[in-house]
Amino acid sequence: MIKVQDLHKSFGKLEVLKGISTTIENGEVVAIIGPSGSGKSTFLRCLNLLEQPTSGKILIGKDDVTDKKTNIMKVRENVGMVFQHFHLFPHMTVLQNVTYAPIKVKGLSKEEAEKHGLQLLEKVGLSEKANEYPNRLSGGQKQRVAIARALAMNPGVMLFDEPTSALDPEMVKEVLEVMKSLAHTGMTMAIVTHEMGFAREVADRVLFLDGGVLVEDAPPAEFFSSPKSERAREFLEKML
Amino acid sequence: MDLDFTAILPSLPYILKGIGVTLKIVLVAGLLGFAFGIILAIFKISKYKALNWFADVYTSIFRGTPLILQLMIIYYGAPQIIGVEISSYTAAVVSFSLNSAAYISEIIRAGILAVDKGQKEAAMALGVPGNRMMRDIILPQALKNILPALMNEFITLTKESAIVTVIAANDIMRRAYIVGGEQYRFFEPFIFAGLIYYLMVISLTVAGKAVERRMRQSD
């Protein structure tokens with residue numbers, strides 16, 4: 001469970017998040033949408049402290065992430081993250097990308113990590129690419145490897161920061177399919193996305209952010225058919 | 001014109017023996033300079049102001065004064081401070097490694113900063129601790145990009161090592177000079193010494209290219 005209380009984040013004088021509170025239950029899939037500059041990526045990046053919140057409280061499970069005494073490294077092991085631009089390690093093969101953190105951070109043996117890693121690559125449909133370097137892969141394949149890499153740590157929560165925004169249109173589907181099947185396994189997921197169709201179909205809840213404020217928090221059916229706020233209506237008109 | 005290369009033939013083995021001396025200085029100083037350069041580079045990007053300051057002042061001093069001065073201070077001046085004489089070999093290795101560390105640290109710093117910020121974030125998100133991240137993720141990528149610049153630094157070091165002649169280390173340069181003095185023929189032994197340096201640099205270049213090719217496997 002992720003519990004966010006009155007989260008604020010400023011970059012210098014610019015206040016990007018103006019007090020966001022929400023709860024994401026275990027097994028819930030939450031789509032975070034909103035116009036660019038609304039703070040949705042910053043919100044996601046605060047959850048595993050890639051951005052340090054200015055104030056507010058974030059609980060992941062029992063850990064208070066914002067408490068200085070919490071070992072943030074341990075928390076991050078439990079929170080997988082997938083980035084817009086993949087950020088695979090270019091000097092490692094696909095399998096090394098997937099097994100690196102389990103071996104070096106979790107202390108798994110190479111055999112264990114590779115066995116698990118190959119299973120994950122199988123799951124994302126890329127086991128035959130295990131010994132290739134990332135540069136030989138297409139964008140969609142890279143993103144699927146990145147998902148496998150995050151899953152290799154057996155996280156309880158997965159964060160996705162616009163996972164399909166950097167992809168060619170024909171590759172979006174293969175990544176969304178992987179995410180959809182992941183959602184069906186009961187993974188807790190927070191997804192910043194512009195894929196309205198995906199949000200509507202897969203998400204349990206939609207968070208609509210605008211100007212650093214959580215404007216709407218509703219099930220997708222409700223949000224997409226009858227948004228309460230004027231801002232959400234305008235946004236949806238532009239998107240659909 | 002009075003040129004007679006046959007006259008120095010008997011002295012060739014003597015000059016060639018200098019290769020070992022030069023190589024020993026360059027290799028040891030190069031490796032020490034590289035190791036110290038990495039440490040200085042990490043100081044430079046550290047969040048601790050004192051470490052930034054130390055590394056910056058260090059670099060500015062060693063880049064801002066002549067190498068030959070540093071060499072002579074260490075060889076002739078240091079005994080006044082530490083109370084014991086040091087060999088010309090030690091003085092050469094110490095001054096060259098201290099000096100090249102300053103240059104190498106700048107190269108490595110630039111290399112580290114050029115690695116995509118996303119790499120650090122991806123490693124952080126996986127819970128990889130800072131020192132591990134530097135060693136396994138950031139440095140390997142940085143080194144690949146800066147290899148040509150590093151190679152350049154080692155080539156410079158190889159050629160600059162000729163100044164150890166002034167502290168009487170028996171390298172290629174000094175041996176050529178001695179042979180010249182004995183025979184009153186300087187042109188021939190110096191040309192020969194120049195040829196040796198040139199061939200060493202060419203071999204370094206070829207070796208560097210080979211390493212670069214290996215490291216570009218993942219491209």
Could you pull out the closest heavy-atom pair between B/Ala122 and A/His87, with the gap in Å? CB-O, 3.5 Å
Provide the closest heavy-atom pair for A/His91 versus B/Pro140 in the form atom of the first, atom of the second, distance. CD2-CB, 3.7 Å
How many angstroms lie between [atom1] in [X] and [atom2] in [Y], if you round to the nearest 0.5 Å?
X	Y	atom1	atom2	result
B/Met124	A/Asn48	CE	CG	8.0 Å
B/Arg135	A/Lys104	CZ	NZ	7.0 Å
B/Glu121	A/His85	CD	NE2	11.0 Å
B/Leu126	A/Lys106	CG	NZ	10.5 Å

Check each atom of [X] against the heavy atoms of chain B and say whether the ones under 4.5 Å are side chain, backbone, both or neither.
X	value
A/Val105	side chain
A/Tyr100	side chain
A/Ile72	neither
A/Phe89	both

Might you confirm whether atom [atom1] of [X] has over 12 heavy atoms from other residues, nucleotides or ligands at distances under 6.0 Å?
X	atom1	result
B/Tyr177	OH	no
B/Gln80	CD	no
A/Phe11	CZ	yes
A/Gln119	CD	yes
B/Glu212	CD	yes
B/Tyr198	OH	no
B/Lys44	NZ	yes

So, B/Gln119 side chain and A/Leu88 main chain: donor-acceptor pair closer than 3.5 Å or not? yes
Contact list (residues 137-146 of chain A to chain B, heavy-atom gap under 4.5 Å, by number) returns none
Is there a side-chain contact between B/Ile137 and A/Met92, using heavy atoms and a 4.5 Å cut-off? yes
Could you work out, with salt bridge (charged side-chain N to carboxylate O under 4.0 Å, His left out) as the rule, every residue matching A/Arg149, not counting sequence neighbours? none
